[in-house]
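Values below: every heavy atom of this structure, side chains too, minus hydrogens, waters and symmetry copies. Count residues from 1 along the sequence. Predicted model only: the values in this text are computed from it and were never measured.
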Amino acid sequence: MVDQICLDVPASTYDAECDFWSKVLGLAWRQTETPQEEFRWIPRIGALRVLLQRLEEPDGPARAHLDLGCDDRQAEVRRHVALGAEIAEEYEEWTQLRDPAGSAYCITDHHPG
């Protein structure tokens, strides 16, 4: 299930981008519960949450990708690969994939329910 939209933001504009989206959506951003300081989030708007990720790159354009939450990430990754996705990177709590057109998205351990 699509769980959240992740905005990937270069370090130099991260604070301003977090403040901007917080004002646009009318909800305060919050630091994630994890020790990873590069993540902030804005509470759910309907079914979706907005996650803001500070990139290591110093500047450049912000971009976005979908995060899909599930209760069995490895099985879901295998399903997506069978459908034509490619694994880009594995992390402790998520897997980054690329769809057949090359666009990035993630499958996470964050169960959307």
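- Salt bridge status for Glu17 with Arg40: absent, with no side-chain N to carboxylate O gap under 4.0 Å.
- The minimum heavy-atom distance linking Ala28 with Pro43 is given by the pair O-CD, 3.5 Å.
- We find that Glu76 and Arg79 are joined by a salt bridge, their nearest charged nitrogen and carboxylate oxygen being less than 4.0 Å apart.
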Stepwise, does the side chain to side chain contact (heavy atoms under 4.5 Å, CB included) test hold for Asp67 with Trp94?
-> CA-CA 9 Å; Asp67 284 350; Trp94 72 90; over 6 Å; no
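- Between the CD1 atom in Ile87 and the CD atom in Gln96 there is a gap of 11.0 Å [rounded to 0.5 Å].
- Under the 4.5 Å side-chain heavy-atom criterion for Ile, Leu, Val, Met, Phe, Trp and Tyr, Ile5 and Leu55 are members of distinct hydrophobic clusters.
- For Gln74, the CD atom counts as densely surrounded, since its 6.0 Å shell holds more than 12 non-hydrogen atoms of other residues, nucleotides or ligands.
- Going from atom NE2 of His65 over to atom CD of Gln4 covers 7.5 Å, rounded to the nearest 0.5 Å.
- Not a single donor-acceptor pair under 3.5 Å links the side chain of Glu86 to the backbone N or O of Val81.
- Atom CH2 of Trp29 has more than 12 neighbouring heavy atoms from other residues, nucleotides or ligands inside a 6.0 Å radius.
- Under the 4.5 Å side-chain heavy-atom criterion for Ile, Leu, Val, Met, Phe, Trp and Tyr, Leu83 and Leu68 are members of distinct hydrophobic clusters.
- Listed by chain and residue number, nothing satisfies the salt bridge (charged side-chain N to carboxylate O under 4.0 Å, His left out) test with Arg30 (two or more places apart in sequence, or in another chain).
- A distance of 11.5 Å separates CG of Leu52 from CH2 of Trp41, quoted to the nearest 0.5 Å.
- Within 6.0 Å of CD in Glu56 there are 12 or fewer heavy atoms belonging to other residues, nucleotides or ligands.
- The SG atom of Cys6 sits 10.0 Å away from atom CG of Leu66, with the distance rounded to the nearest 0.5 Å.
- Residues satisfying the side-chain hydrogen bond (donor to acceptor under 3.5 Å, both in side chains) test with Glu57, not counting sequence neighbours, are Arg63.
- What you find for Ser22 and Ile42 is that their closest heavy atoms are N-CD1, 3.8 Å.
- Closest non-hydrogen pair, Pro10 versus Gly60, comes out as CG-O, 3.1 Å.
- Of the inter-residue distances, the one linking Asp15 atom CG with Phe20 atom CZ reads 15.0 Å to the nearest 0.5 angstrom.
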Throw together a table of side-chain donor-acceptor distances under 3.5 angstrom for residues 97-108, partners on residues two or more places apart or in other chains.
| from | atom 1 | to | atom 2 | distance (Å) |
| --- | --- | --- | --- | --- |
| Arg98 | NH1 | Gly102 | O | 3.1 |
| Asp99 | OD1 | Ala101 | N | 2.9 |
| Asp99 | OD1 | Gly102 | N | 2.9 |
| Asp99 | OD1 | Ser103 | N | 2.9 |
| Tyr105 | OH | His80 | ND1 | 2.8 |
| Thr108 | OG1 | His110 | N | 3.2 |

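- The two residues Glu92 and Asp109 have their closest heavy-atom pair at O-OD2, 3.7 Å.
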